[in-house]
Structures are given as structure tokens and as C-alpha cells.
Amino acid sequence: MPNADLPSYLSRENVGPWETYLEQVERVAPHLDRALLPWIETLRRPKRSLIVDVPIKLDSGEVAHFEGYRVHHNLSRGPGKGGIRYHPDVTLSEVMALAAWMTIKNAVVQVPYGGAKGGVRVDPKKLSLAELERLTRRYTSELNIVLGPDRDIPAPDINTNEQVMAWIMDTYSINQGRTATGVVTGKPLSLGGSLGRRDATGRGVFITAREAARKLDLPIEGARVAVQGFGNVGEAAARIFADNGAHIVALQDEGGAIHSEAGIDVDAARAHREQAGSLRGFPGADAMSAEAFWRVRCDFLIPAAVENQITEANAGAIRTKVVVEGANGPTTPAADLILQSRGITVVPDVIANAGGVTVSYFEWVQDMASFFWSEVEINQRLDRIMSEAFNGIWAVSQARALPLRTAAFVVGCNRVLEARSLRGLYP
Ligand code: NAD
């Protein structure tokens, strides 16, 4: 369903994430504070992009080379913050987009960071644990010139976890000659990690969905929920929705999609994935095709896997009331317009998945102070920050008749550009 309002360069499918981001900046530009517009070009350009060669010795004795990246999109509001992704499809332009979304997201939830992101072009499933450790340590060493608790603080993203964060912390600390727990977040609890971090992104997805549901007068109890991606974000979001009385009617991961009108037992699905490697073959639900997943009737649809999943090809068939973007960039600009025209509310990634960076901020604060908080305290603070941020965006969206994504970009971009203009141009 091509859309006449869309610039010609975006009317094709497979728009890259960086083009998606640039289009989002174009859509917000007319709504920004006019006094800040002279600075808008800074949003269209990453501040710095580092490409590194990551050579490692494989278990076979051979040497393999991998390409790694770290992008600082904008540091006007503070040190860089954003995850590290290990995936065979990682590219510099994808990392640029993910870093840019971190800039906006950190401003939306008002954590004192700029936007950064990193990645290595690798299929970690093809590496042994020892090879993965060598890859992580060499990549961290190559990034040594840009990392630091007050310079750039990575976190987990696709295919990276607490163990990878522990290796990053250890490698950086060895290179610095001192233990620096605050250089990375999403660490194990025993190494300065924070209670509540593991579930934080999924919990934030739930909190923003709950706030949207209040505005739209939709109940969570008994709601039908479909989740794409059953990793850190998707699994936690599905579990917390189920704990609050919703029915998880469909799940999808790289192994396949499953469906159950009666509702899927999330803990059983997780146990199956841990043992079988994916959702494929889960006995507690029916298998369905990847395309059919997008046609499942639901109240909340949660893309929590990768970019470019909701496209011109499937947006017209989606049967939901609310899309809550657990993943970064799951909806193309063309699909966004289709969902909007069909009256489907989209809670955009820059607020919906900001729970992870919010609790990462708590983790960093706790590390810097060496004083740790209870899980109840963390979840309460997370709930307050996420609810206030969502409600602020909702108010802008209502007052100016804008979609939530544009409203979130108005709030985030204005904050970034205000900081940028106050700092001024050097020299
Ligand atoms: P993860 O590696 O833990 O899980 C990814 C899940 O997506 C897996 O279940 C995988 O099988 C599935 N998947 C991957 N490609 C797929 C495809 N093409 N089709 C269907 N399923 C697919 O990763 P994660 O940390 O849960 O991250 C998921 C998304 O959330 C990413 O977009 C990430 O940038 C975003 N995000 C993560 C965090 C975090 O704290 N981990 C924070 C904010 C945003």
C-alpha cells in the first residue's frame, strides 16, 4: 500500500534504520522550538563513529577478524550511553541509528546521558564461550579510547548479556589499573549490577502499555497480547503482562511463531526455549507461520525483536489496538502512516523501551556511590519516571494533535537541542 505522502526515497521496503531515523527527524522538525532549529543539523550527524578490527584466535588455532563499531551520536546532555549488539547483520549505519534513538530516548526519560551504541558483526552462536570471551575482551580493548564511566557506558543489547558485561568491566578495569564497575551496566549483581535491571526493559514496556491503556480506556486484565521476540525484552514483557491478568495469545522468535487462544504459559515457554534453543516445537501452543503472527487478533502487539518488522507489507493486516515498541525501530515510516490511518495507537520505542536505560542509570548511580537500593525502590522509581515521561508525551500529542512518536521526538529533540545551544559552538 504505497503512500502518497511519503518522500519517494522512502516508498520502497527495506528502508534502513538510519533512513528511518532521518525521516523521523524530518517529521518532527516543523514542531520543534523555532529558536533551536539552527542546531537541528547536529541531530542528523553522529558526533563520532569508530570502526575497529577485532582479530581473535579461534579454538582451532586460526585467526578470524570481525568488524566492530561504537558510535557517539550526541553527547550534549552527558556521557554516551547505549547497548552493544552482536549480530551477523550489524552495520555502521544500523549502529548510527540505534545511537541516535538513544540520544532521543535518554532525553525523553531525562537521564543525564547522550546517545551511543555499539556492535560487532558476528554470529555469536557460531563461537564457543572461550571465543566469545576473547572477542568481547579484544573489542573492549579497541574501544578503550572512547569508554569510561564519565565518557561512554555500554549495556546489553541483542545477543549480549550479564556475562558479556562482566568481561567488558573486567577488561576495561585491567587496562585502567583499577576496578571501574561504572563503565558498563547490565552487570551481574555480584559485580555492581542492579536489582531489577534484568526485567527493566520489559517492565517499562508494560508500564507504558498500562498508561496508554488508561488513556484509551482499555483493560489490561483479560487483554490479548502478542509478542515478537522472546529474549530479554520480549520474555519479561510477556511475563509481566501475564502476571497482570493479560492473555499471551501469540509469541514469535527466530525459531518460529506459536499461538494459543487460551493463552500461552510464559514460564513453560521460557523453559522450553532454554532447553530447545527457541520456541519451535513448544507443546503448549500451536505452531503458526511468521506472516500469520502479524494477523493475530490482539489488544496489544509488542514487537521486541529487531528493526523493520512492521512494514508496508503487513501493517494493513495487523489487528491490534495498540503497538508498544519493545524493539528499537521495529516500524518503518511507511508502516507508521498506515497504522496511524487505521487508528492504531503506537507507543514508540524511545519511550516504550526506555525502562532498560532508566535502570541502567540507577545501576550507574549506585556504582558511583557504592550504595545499593532495594528492588522495591528501583521498581517504584522506574514506574514513576516511565509514567511521568509517557504522560508528558501524551499531553503534547493531545495538545498539538500529533502521533505519539512525533510528540516524543518533540520532547526529546527540544531537550537535546537546548543543551546543544547552551553549550554553544567550539571554537
Ligand atoms: P535478545 O537477544 O535477548 O532477544 C532477541 C529476541 O528476538 C530473540 O528471541 C530472537 O530469537 C528474536 N529475534 C531476532 N530476530 C528475529 C526475527 N527476525 N524474527 C523474529 N524474532 C527474532 O535481545 P533483547 O535484548 O531482548 O533486544 C530486543 C530488542 O529490544 C532490540 O531491538 C533491542 O535493541 C531492544 N532493546 C533492548 C534493551 C535491553 O535492555 N536488552 C533495551 C532497549 C531496547
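All residue numbers refer to positions in the sequence shown, counting from 1. Whatever order the structure lists them in is the order used to number ligands and atoms, beginning at 1.
For the pair G234 and ligand 1, the shortest N or O to N or O distance does not fall below 3.5 Å. Considering backbone and side-chain N/O of F230, one or more are found under 3.5 Å from N/O of ligand 1.
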Acceptor/donor pairs from residues 407-418 side chains to any protein atom, 3.5 angstrom cut, sequence neighbours excluded:
from, atom 1, to, atom 2, distance (Å)
N414, OD1, D33, N, 3.0
N414, ND2, V410, O, 3.4
R415, NH1, A107, O, 2.8
R415, NH1, V108, O, 3.1

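Contact check on D59 versus R134 returns a salt bridge, with a Lys/Arg side-chain nitrogen under 4.0 Å from an Asp/Glu carboxylate oxygen. Remark: R295 does not engage E291 in a salt bridge, criterion side-chain N to carboxylate O under 4.0 Å.
Remark: among candidates D157, V357, T201, I158, the nearest residue to atom 27 (O) of ligand 1 is I158, based on non-hydrogen atoms. Of the candidates E254, E325, K105, it is E254 that places a heavy atom closest to atom 14 (C) of ligand 1.
For the pair R381 and W373, the cation sits on the ring face: its NZ or CZ lies under 6.0 Å from the ring centre, inside 45° of the axis.
Atoms of ligand 1 found under 4.0 Å from any heavy atom of N328 (numbered from 1 in listed order, with element): 32 (O), 33 (C), 34 (O), 35 (C), 36 (N), 44 (C).
The side chain of R197, and not its backbone, has at least one atom closer than 4.0 Å to an atom of ligand 1 (non-hydrogen atoms only; side chain from C-beta on). Neither the backbone nor the side chain of E307 has a heavy atom within less than 4.0 Å of ligand 1. Residue-level proximity to ligand 1 for Q228 is carried by the side chain, the only part with a heavy atom below 4.0 angstrom. Neither the backbone nor the side chain of A290 has a heavy atom within less than 4.0 Å of ligand 1.
Within 6.0 Å of the NZ atom in K215, the count of heavy atoms belonging to other residues, nucleotides or ligands exceeds 12.
Checked against the 6.0 Å centroid criterion, the rings of H73 and Y21 qualify as a close aromatic pair.
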